Amino acid sequence: MHKSAILAIAVAATTALTGIGYAVAQSPAASIEQRQAAMKMNGASMKTLVPMARGEAPWNQAAAIQALENLQRIGQQTVAMFPRGSGTESGTKTAALPAIWEKAPEFAAAAKAQADAAEALLRAARANDEAAFKSGFGAMGRSCGGCHEGFRAKQ
Ligand code: HEC
């Protein structure tokens, strides 16, 4: 099978599983729209989790697991949502900085930090271990700022 066909199937499978679709060789504008939607979902997940981590909302295991699964999945997919050519040079409004492509390994590491933090917290959440969730939550929050700091234009 042609390599691109295999990739297309893999992406279709991912899309079916996640509901966040991104196609191979789609337009920069489509990549930008989809990653901004994914980032908004990151924001929504954090809005669920932060009050629980601070003890301002009651522990809700199911909601925590769902939010953490979303954070893990998006963290795993973030690099693919930033294809070369989808920076400001695309002409579409984006806060993506050139550093994303100039320092690709660092960007990938920042995305992995999100996925890894979510994975660690998922172990706590699945064990219904609220204390471990709370004590480990700092890494999750730091993963957002850790990437925005160098890779996202200041708002
Ligand atoms: C690996 C890098 C990276 C990580 C990790 C990351 N972000 Fe982002 N985020 C970005 C970049 C780059 C943009 C700008 C995207 C664009 O405008 O094309 C962005 C944009 C956003 C936006 C604005 C979306 C919009 O409407 O335009 C929100 C909200 C956001 N991020 C939330 C989060 C949260 C919450 C986390 C942590 C759970 C997070 N991000 C983790 C890189 C990252």
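Counting begins at 1 with the first residue of the sequence. Please read all numbers here as calculations on a predicted model, not as lab measurements.
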Is the gap between the ring centers of Trp59 and Phe133 under 6.0 Å?
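When the ring centroids of Trp59 and Phe133 are compared, they turn out to be within the sub-6.0 Å range.
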Least distance between heavy atoms, Ala96 atom then Ile100 atom:
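Reported closest heavy-atom pair: CB-CD1, 3.5 Å.
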Using side-chain contact (heavy atoms from CB on, under 4.5 Å), reason through Arg73 and Met41 one step at a time and then give a plain yes or no.
CA-CA 11 Å; Arg73 195 186 63 227; Met41 196 173 196; 4.1 Å; yes
Glu130 and Gln61: side-chain donor and acceptor closer than 3.5 Å?
no
Are side-chain N/O atoms of Asn42 and Gln114 paired as donor and acceptor at under 3.5 Å?
yes
Please assess Leu97 against Arg152 for the test side-chain contact (heavy atoms from CB on, under 4.5 Å), listing each intermediate value before the final yes or no.
CA-CA 5 Å; Leu97 290 177; Arg152 179 190 182 193; 5.6 Å; no
Can you tell if the side chain of [X] reaches within under 4.5 Å of the side chain of [Y], non-hydrogen atoms only?
{"X": "Met140", "Y": "Met46", "value": "yes"}
{"X": "Gln34", "Y": "Met39", "value": "no"}
{"X": "Leu71", "Y": "Leu49", "value": "yes"}

Give the intermediate values and the outcome of salt bridge (Lys or Arg N to Asp or Glu O under 4.0 Å) for residues Arg84 and Glu89.
CA-CA 10 Å; Arg84 231 168 239 288; Glu89 74 276 21; over 6 Å; no
Using the six-membered ring wherever Trp is involved, compare the ring planes of Phe107 and Phe151 and label them parallel, tilted or perpendicular (cut-offs 30° and 60°).
perpendicular
Between Thr78 and Arg35, is a side-chain contact (heavy atoms from CB on, under 4.5 Å) present by the stated rule, with each step listed?
CA-CA 8 Å; Thr78 298; Arg35 74 190 178 217; over 6 Å; no
Taking NZ, NE, NH1 and NH2 as the nitrogens, is one of them in Arg126 or Glu69 under 4.0 Å from a carboxylate oxygen of the other?
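Counted as a salt bridge, because a side-chain N and a carboxylate O are separated by less than 4.0 Å.
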Are Val79 and Ile32 joined in one hydrophobic group, where the rule is that I, L, V, M, F, W and Y side chains link up if heavy atoms are under 4.5 Å apart?
no
